There are 2 protein chains.
Amino acid sequence: MFESAELGHKINKETYKKEVPILREALLDAQLDLLQSARFPVIILISGVDGAGKGETVNILNEWMDPRHIRTHALDEPSDEERERPVMWRYWRVLPPKGEIGIFFRSWYSMPINDHIHGLSKNSELDQQMERINRFEKMLADEGALILKFWLHLSKEKQLIRLKSLEKDPKTRWRVNPRDWKNFKIYDRFRTVTEHVLRRTSTAEAPWTIIEGVDPRYRYLAVGKSILQALRARLEAGDTHLPPVSAPPVMPHIDSLSVLKRLDLTQRLAKEKYENELEKYQGKLNLLARHDNFRKISVVTLFEGWDAAGKGGNIRRITGALDARLYSIIQVAAPTEEEKAQPYLWRFWRHVPRRCRFTIFDRSWYGRVLVERVEGFCSQIDWMRAYSEINDFEGELVRNKTVLVKFWLHITKDEQLRRFKEREKTGFKRYKISEDDWRNRDKWEEYDFAVCDMIDRTSTEIAPWTLVEANDKYYARIKVLKTLCEAIENAL
Amino acid sequence: MFESAELGHKINKETYKKEVPILREALLDAQLDLLQSARFPVIILISGVDGAGKGETVNILNEWMDPRHIRTHALDEPSDEERERPVMWRYWRVLPPKGEIGIFFRSWYSMPINDHIHGLSKNSELDQQMERINRFEKMLADEGALILKFWLHLSKEKQLIRLKSLEKDPKTRWRVNPRDWKNFKIYDRFRTVTEHVLRRTSTAEAPWTIIEGVDPRYRYLAVGKSILQALRARLEAGDTHLPPVSAPPVMPHIDSLSVLKRLDLTQRLAKEKYENELEKYQGKLNLLARHDNFRKISVVTLFEGWDAAGKGGNIRRITGALDARLYSIIQVAAPTEEEKAQPYLWRFWRHVPRRCRFTIFDRSWYGRVLVERVEGFCSQIDWMRAYSEINDFEGELVRNKTVLVKFWLHITKDEQLRRFKEREKTGFKRYKISEDDWRNRDKWEEYDFAVCDMIDRTSTEIAPWTLVEANDKYYARIKVLKTLCEAIENAL
């Protein structure tokens, strides 16, 4: 795998001096086109062997291109805000928006590789992590990102020479730290592990480019030209960068059986019983949130459901039991400009709670496979891939000890009509009825299909859907509170 | 001060039941108008005596209004990301955008009050903090925010009764923690200190409203109606909420003396000397950034100057000396939608670095008093108040051990022309010349005035401007590097 990067590539000074101005101009041109079109972000990973010139390469890229539109991220030790969230959160929060370039000096590969080399993870765990990275990068690519991954290589012998020469020169001595020498001692293991990682993660969407790191001039030109080529190709490809994949067919609805129709919407709870149960479960929820172990977990709960199915009322029964400092409610509306410049899930990642906190989503990332699907706001291939991206996202949450509880509030079409009319009469609820609501009602059948698909494809063992029979508000609220309590209880 | 809030206000159940639906409807209506007009944000502070029902009041507000457009912030212990930045950073990052409501359960008053009560700050320090808060709130108000500050009051006797009754009921016992009892013991001191704080910070822009906290129904109605009234008044006032203040006159330019004209632009540095000095100061900067004490500070440096004065080149000489993981460059361009929905300085606050990091601004918050002033992008009163807001902002940075270094790169008009022409010839720099650059050139004199005003009004002892004679690039770069090194050295 590293054969071509151990051949002793070298560029003489003269050639370099001739080529750099041309390359710089072309890179700047391409960068300007990227910026002006703002069609996609560029994500550059600079990884490799210690001493292979990663830092210098990053500096050169900043020098050659317009540094105002490059963000360099060298994520070292996670902060406590990062540690309390899924591992990928720190990368999501700094993804470059469309039109910009993000250079990752330490990337999502650093920790898995280090952990494995130092014996902190098994082979199978490393492979799992790589698989997750592949899925993450595929998602980025599907969202349009151009991903360029560079591995700067040095043979063992060349690494030794390089570290020694850096150390001899007082001006560069600081670049060599004890960790570098420690790493040098395990060069062979490092090489085996990283070769494995590179092999596992060189995908069609995001292949690795291995570059010999010995000669700086060669290294800079190789990285620079490689970026230029990829950038140009992508700019010229227009919006057709994705192969014309047709989405797999959606499950046809042959008979009238469906998970929704199976629900018994006649279930009711008498007012008195409701009030007792409400007190019981609100009290319980309150106690759970003050449990010692609650400090080690976090809770994400989301509400989807028909308009007027009672999302707001249910959320208020939850928040009514909680200390105001513990929760935040995110009402999912149209994305902002900054959100539109990012992958679809970015605007949900930014609200992932830290430990000991609830985030309650009033509508959620499932908008992609509900409203966006039905209204045609995104293409079929986009919402089809959303199912697995969502499963991955939820997997990250759950792996980070987040209790994830998903509610679908189900009512009949008749009950909805009754509630719409009632709301129009009751003053202070009037704000809740909009033209959209009436329009959505006309598409009941289409939404029905979309909901059933959603449940089939995203009700997983780690993140099951709870379907709530919500024709009776009392019954629904207690079921929601009870389910939430049980989920938290299980996690403590 | 608390007289009216110790009268025993009480609302009976019947009145309450009659009034609440009307109030809710009106609040919802007002909130919807707020949201749709998106003209200003609403900032609500709920503070007061322990046991006076702050948490419940926040819950009620979330229940009465549309919680999807309310964010409740109960900022407790700062995270390490927050601790490494100026104290106000954590509030800036969660300010509500225009159209939204932010409720602060613990606010910027909590820490100063607590610190003072527990003897951690002197009277004079408390007063200084209050003065800074006044200036912060005035800035928010000037930016259009509606600020509503509520103080829920309980007399000593009533607090005792309340804490005891909460403790007696198993369902509310959790609300009383040891800290509450500890606080009760120092009620008198708490009262004296908070009265002082309330007096000092009841300003025209952001007065305190003191509300008796004994009777929940009274408390809820009082807070709710107060919010409604303020919100309605502001919505109906249209955009004329600010009194028609005319800005103070700008210093007329009587003679031809100016700080800029005083600069000796003939200063030069020979290439050889430059190269030696460059190596020297880049080496020094590099060493400084690796100094042990550097971990305790951070660096913010900003570049303003004429187009083509060499901002980019200077920045690259700095970054060339630094490890890529240490710095980020912020090129200040047009604000995004999310930034436009916030006070002017928000988009700079979000880039304030943590400890041991450089943020380099290519253009900065001074745009307000340069381009926005000259081009008329904001009103005179807006850029006039910007001077003191900027001084406050920079004061916060410096108080947090941020080394702040501000450069004005000065060239003559002739030199600019020469550089424009040269750039048009040199391929890879062509991207730097735009029509704006030529247009700005036509307004040289106006910019000249604006720059001199800026320097006079914002070159402070804690954050002086460094005027850089930049006709000779070599001279300028060395002066910049040397100044930066000295500033960091002084701080270590």
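This one's a predicted model, so the numbers in the text were calculated from it and none came from an experiment. In the text below, chain A, chain B and the rest are named by the order of the sequence lines, each starting its count at 1. Worth knowing before you read on, the calculation uses all heavy atoms, side chains too, and leaves out hydrogens, waters and symmetry mates.
Contacts of B:E84 with chain A are absent, with no heavy-atom separation under 4.5 Å from either backbone or side chain. Residue contact with chain B, scored on non-hydrogen atoms closer than 4.5 Å, involves the side chain of A:R83 exclusively. Using a 4.5 Å cut-off between heavy atoms, A:L322 contacts chain B through its backbone alone, with no side-chain atom that close. No part of B:H73 comes within reach of chain A, as not one of its non-hydrogen atoms sits under 4.5 angstrom from that chain.
Ring pair B:F294/B:F358: centre-to-centre distance below 6.0 Å.
A donor-acceptor pair is defined here as one N or O able to donate and one able to accept, closer than 3.5 Å; such a pair exists between the side chain of A:T359 and the backbone of A:H351.
Heavy-atom pairs under 4.5 Å with chain B were tallied for A:T319, A:L326, A:N286, A:I330; the largest tally goes to A:N286. Top candidate by heavy-atom pairs under 4.5 Å with chain A, chosen from B:R290, B:R354, B:E82, is B:R290. For chain A, the option among B:D323, B:D80, B:I70 with the highest count of heavy-atom pairs below 4.5 Å is B:D80.
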Report the C-alpha separation of A:E339 and A:R350 in whole Å, then their side-chain angles, then the decisive distance to 0.1 Å, and conclude whether the salt bridge (charged side-chain N to carboxylate O under 4.0 Å, His left out) test is met.
CA-CA 10 Å; A:E339 289 171 342; A:R350 71 195 298 203; 3.0 Å; yes
Tell me, with the steps shown, if B:R219 and B:E56 meet salt bridge (charged side-chain N to carboxylate O under 4.0 Å, His left out).
CA-CA 10 Å; B:R219 186 205 307 151; B:E56 294 158 316; 3.1 Å; yes
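Here B:R71 does not pair with B:E100 in a salt bridge; the nearest charged N to carboxylate O distance is not below 4.0 Å.
Other residues, nucleotides and ligands contribute over 12 non-hydrogen atoms within 6.0 Å of the CD atom of A:E275.
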